[in-house]
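Written out below as C-alpha cells is the structure these notes cover.
This is a predicted model, so every value here is computed, not measured. Position 1 is the first residue of the sequence; numbering continues from there.
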Amino acid sequence: TAAAVTAGFTALARWMRGVTRTGAAAGALVCFLLYAGAGPGAFLALVTVFVLAWMSTRWGYKQKQALGTAEKLDGRRASQVLANLGVAAGCAVLHAVSGRTLYLLTMTAALSEAAADTVSSEMGQASSQRARLITTWEWVPAGTDGGVSASGTLAGIGAAAVVSLVSILAG
C-alpha cells in the first residue's frame, strides 16, 4: 500500500509542478517512509503540508516576482524537500523501529514546522512590502533572509495549526 500511495502521490505532485524531477524522487522517499513508518495519518499530514506549500507559493506570485523573491513554478528541488521533510521521515522510521509514540509527536512537530516555515515566508512576501529583521528589528524589504512580518507570522501559525489538527484527527 505504501508503495502504491507513494507512486500516485509522486506522480500527482510532479504533474502539479509542486516538485522538480529530483524533488519528486526525494518526495517519493519521504512519502514512502512516512506511510510505511507511521501509517495513513502521516500521509494525510504530508498531503496537507504539500497543499499548503503549493498554494502559498502561488498566492501573490506577481508581488513576489516584483520583489525578486518568487520561486520558480517548476516546484521544489530535492534539497528543499529533504530539508523540510527529512526530519519527519526520520521520526516515522524511528517510530516504526521502536514503537514509541514520542516519535509520532516529533514527526508531527517537524511537519507542522515545515508548513509554518514555507507558508510564513511565501505569504509574508505576498502580502507585505517590508519586514522586520529578526536580529535587529530594522525594516528590510520583504523576502530578506531573517525578515518577519505580522501577516507571514500569522499565516505560518495557521499552517502549523492545520497540519497539527490533521495529524491529531488522523491519529
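Contact annotation: the side chain of Val19 never approaches that of Gln80 to less than 4.5 Å [non-hydrogen atoms, C-beta and beyond]. Side-chain atoms of Arg58 and Glu122, non-hydrogen and from C-beta on, never get closer than 4.5 Å to each other. Residues Tyr103 and Arg100 form a side-chain contact, since some pair of their non-hydrogen atoms from C-beta on lies under 4.5 Å apart. When side chains are defined from C-beta on, His95 does not count as touching Met107, because their heavy atoms never get closer than 4.5 Å.
For Arg132, the CZ atom is densely surrounded, since the number of other residues' heavy atoms within 6.0 Å is greater than 12. With a 6.0 Å radius and a threshold of 12 heavy atoms from other residues, nucleotides or ligands, Met16 has its CE atom above the threshold.
For the residue pair Thr57 / Arg76, a side-chain donor-acceptor distance below 3.5 Å is found, with atom types taken as modelled.
Taking every heavy atom of both residues into account, Ala114 and Val49 meet most closely at CB-CG1, 4.4 Å. Between Gly60 and Ala126 the shortest heavy-atom distance is CA-CB, 3.9 Å. Of all heavy-atom pairs spanning Gln129 and Leu67, the tightest one is OE1-CD2, 4.3 Å. Of all the heavy atoms in Gly23 and Val81, the pair that sits closest is O-CG2, 3.8 Å. Here the closest heavy-atom approach between residue Val163 and residue Ser112 is recorded as CG1-OG, 3.7 Å.
Taking CG from Leu34 and OG1 from Thr6, the interatomic distance works out to 9.0 Å, rounded to the nearest 0.5 Å. Leu12 CG to Phe50 CZ: the interatomic distance, rounded to the nearest 0.5 Å, is 6.5 Å. The structure places CG of Asn84 at 10.0 Å from CG of Leu111, a figure rounded to the nearest 0.5 Å.
In this structure, Lys64 contributes its side chain and Met123 its backbone to no donor-acceptor pair below 3.5 Å. Judged purely by atom type and a 3.5 angstrom limit, Thr118 has no side-chain atom pairing as donor or acceptor with the backbone of Ala115. Remark: the backbone N or O of Leu104 is paired with a side-chain donor or acceptor of Thr108 at under 3.5 angstrom. At least one donor-acceptor pair closer than 3.5 Å links the side chain of Tyr61 to the backbone N or O of Glu71.
Under the 4.5 Å side-chain contact rule for hydrophobic residues, Val93 and Leu82 do not share a cluster. Under a hydrophobic clustering in which Ile, Leu, Val, Met, Phe, Trp and Tyr are joined whenever their side-chain heavy atoms come within less than 4.5 Å, directly or via other members, Leu33 and Val47 fall into different clusters. Leu105 and Val87 fall into different hydrophobic clusters, where Ile, Leu, Val, Met, Phe, Trp and Tyr residues are linked whenever their side-chain heavy atoms come under 4.5 Å apart, directly or through other members. Under a hydrophobic clustering in which Ile, Leu, Val, Met, Phe, Trp and Tyr are joined whenever their side-chain heavy atoms come within less than 4.5 Å, directly or via other members, Trp54 and Trp59 fall into the same cluster. The cluster map of Ile, Leu, Val, Met, Phe, Trp and Tyr, joined by side-chain heavy atoms under 4.5 Å apart, puts Val51 and Val162 in the same cluster.
Ring pair Tyr35/Phe9: centre-to-centre distance not below 6.0 Å.
Hydrophobic clustering, defined by side-chain heavy atoms of Ile, Leu, Val, Met, Phe, Trp and Tyr closer than 4.5 Å, groups Leu165 together with Leu169.
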Atom pairs and distances, donor-acceptor, side-chain atoms in residues 140-161, under 3.5 Å, two or more places apart:
from: Thr144; atom 1: OG1; to: Pro141; atom 2: O; distance (Å): 2.7
from: Ser149; atom 1: OG; to: Ser151; atom 2: OG; distance (Å): 3.4
from: Ser149; atom 1: OG; to: Gly152; atom 2: N; distance (Å): 3.1
from: Ser151; atom 1: OG; to: Ser127; atom 2: OG; distance (Å): 2.6
from: Ser151; atom 1: OG; to: Ser128; atom 2: OG; distance (Å): 3.1
from: Thr153; atom 1: OG1; to: Ser149; atom 2: O; distance (Å): 2.8

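Considering Leu133, Ile134, Thr135 in turn, Ile134 is the only one that fulfils the side chain to side chain contact (heavy atoms under 4.5 Å, CB included) rule with Trp137.
Ser56 meets the side-chain hydrogen bond (donor to acceptor under 3.5 Å, both in side chains) test with no other residue; sequence neighbours excluded.
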